[in-house]
Amino acid sequence: MQGRLGDARKVLDKTSDTKEESQQRLSDIKEAAGIPQDCNDDAVRVQKKSHGEGVWKELFIHPTRPVRHILLCVIGIHFFQQASGIDAVVLYSTNIFEKAGITSSNDKLLATVAVGFTKTLFILVATFFLDRIGRRPLLLSSVGGMVLSLATLGFGLTIIDHSHEKLPWAVALSIAMVLAFVAFFSIGMGPIAGVYSSEIFPLRLRAQGIGMGVAVNRVTSGVITTTFIMLYKAISIGGAFFLFAGIATVAWVFFFACYPETRGRTLEDMEVLFGNFIK
């Protein structure tokens, strides 16, 4: 994009398996950057790009069908990442464990540490599988597991809430489902939101597009975390997690219908992959 074809050629020669692949990738990038294919100088003068002018129009007012699809996917994954309740579980884990029947401060601290450890461990696991399994299977498996663990957590907490005596099996079930939810989230939905968003936008729209996704993510997180206590006081803590399970179910259907696999695809492929919602 800066017209440094010689530097680009050297990098592509080092990172491509064959000379032919390097030349093909350079050709694709020339096309994306608006440089003529017959131009082979080491440095060329390129037309100065605007600093964001017109990008918002292309994103929201006159988007092409692929761009509209991409924007919907990015905003959707960032919204559902937070709307499914991850911040409520992580930030209010002590409240959840207290509602589950854990009264000892040491036990609550230990359970909270276990949540953080599980979250970190399974994010590391996700890094090994993202390029082996692919984004779509990992995302759908992750959200499916989140639905099951949230619904089971809601069931366990409802049983505890309506019982007049301590039920060790229900307490153990609730703790296990909190850890399972965090594990399922971290192996797919957590890391894939950032990975998927960063690899599907065209270069000219990437900064503003990802910015919109992150803005939606943070606003949704703020709403969930500030209203969680009011929510579970209004519909019970079990009901709150049944609600999150319902949102995660909607998310699974949305991802199944709208999200193509992007593993191994180049940036130049994205506007071909997107544009049709169900294939």
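Within the 4.5 Å cutoff, no side-chain heavy atoms of Leu71 are placed close to those of Pro63. Using a 4.5 Å cut-off on side-chain heavy atoms (C-beta onward), Glu261 and Pro137 make contact. The shortest distance between side-chain heavy atoms of Ile96 and Phe241 falls below 4.5 Å. Within the 4.5 Å cutoff, no side-chain heavy atoms of His78 are placed close to those of Thr220.
The neighbour count for Phe242 CZ, taken as heavy atoms of other residues, nucleotides or ligands under 6.0 Å away, is above 12. Heavy atoms of other residues, nucleotides or ligands lying less than 6.0 angstrom from CD of Glu31 number 12 at most.
Counting only distance, with no hydrogens or angles, the side chain of Thr227 and the backbone of Met230 share no donor-acceptor pair below 3.5 Å. Of the possible donor and acceptor atoms, one in the side chain of Ser149 sits under 3.5 Å from a partner among the backbone N and O of Met146. Under the 3.5 Å distance criterion, the side-chain polar atoms of Lys30 are matched with a main-chain donor or acceptor of Gln37. Between the Ser142 side chain and the Phe184 main chain, a donor and an acceptor come within less than 3.5 Å of each other. In this structure, Ser198 contributes its side chain and Val195 its backbone to a donor-acceptor pair below 3.5 Å. Proximity of a side-chain donor or acceptor of Thr112 to a complementary backbone N or O of Lys108 within less than 3.5 Å is detected. Judged by distance alone, with hydrogens and angles left aside, the side-chain atoms of Ser27 form no donor-acceptor pair with the main-chain N or O of Gln23 at under 3.5 Å. Put simply, the side chain of Thr127 gets close to the backbone of Leu124: a donor and an acceptor are under 3.5 Å apart. Within the 3.5 Å criterion, the main-chain N or O of Arg218 finds no donor-acceptor partner in the side chain of Gln82. Under the 3.5 Å distance criterion, the side-chain polar atoms of Arg135 are left unmatched by any main-chain donor or acceptor of Pro260.
You'll find the ring centres of Phe254 and Tyr259 inside the 6.0 Å limit.
Side chains of Asp161 and Ser236: no donor on one and acceptor on the other come within 3.5 Å.
Rounding to the nearest 0.5 angstrom, the gap separating the CE atom in Met189 from the CG atom in Leu140 is 10.0 Å.
Neither Val223 nor Leu231 shares a network with the other; the hydrophobic side chains, linked directly or stepwise wherever heavy atoms of I, L, V, M, F, W or Y lie under 4.5 Å apart, form separate groups for each.
Between Phe274 and His69, the angle of the ring planes goes over 60°, which puts this pair in the perpendicular group of the 30/60° scheme.
A salt bridge does not link Arg263 with Asp131: none of the charged nitrogens is closer than 4.0 Å to a carboxylate oxygen.
Here the closest heavy-atom approach between residue Asp13 and residue Ser22 is recorded as OD1-OG, 2.7 Å.
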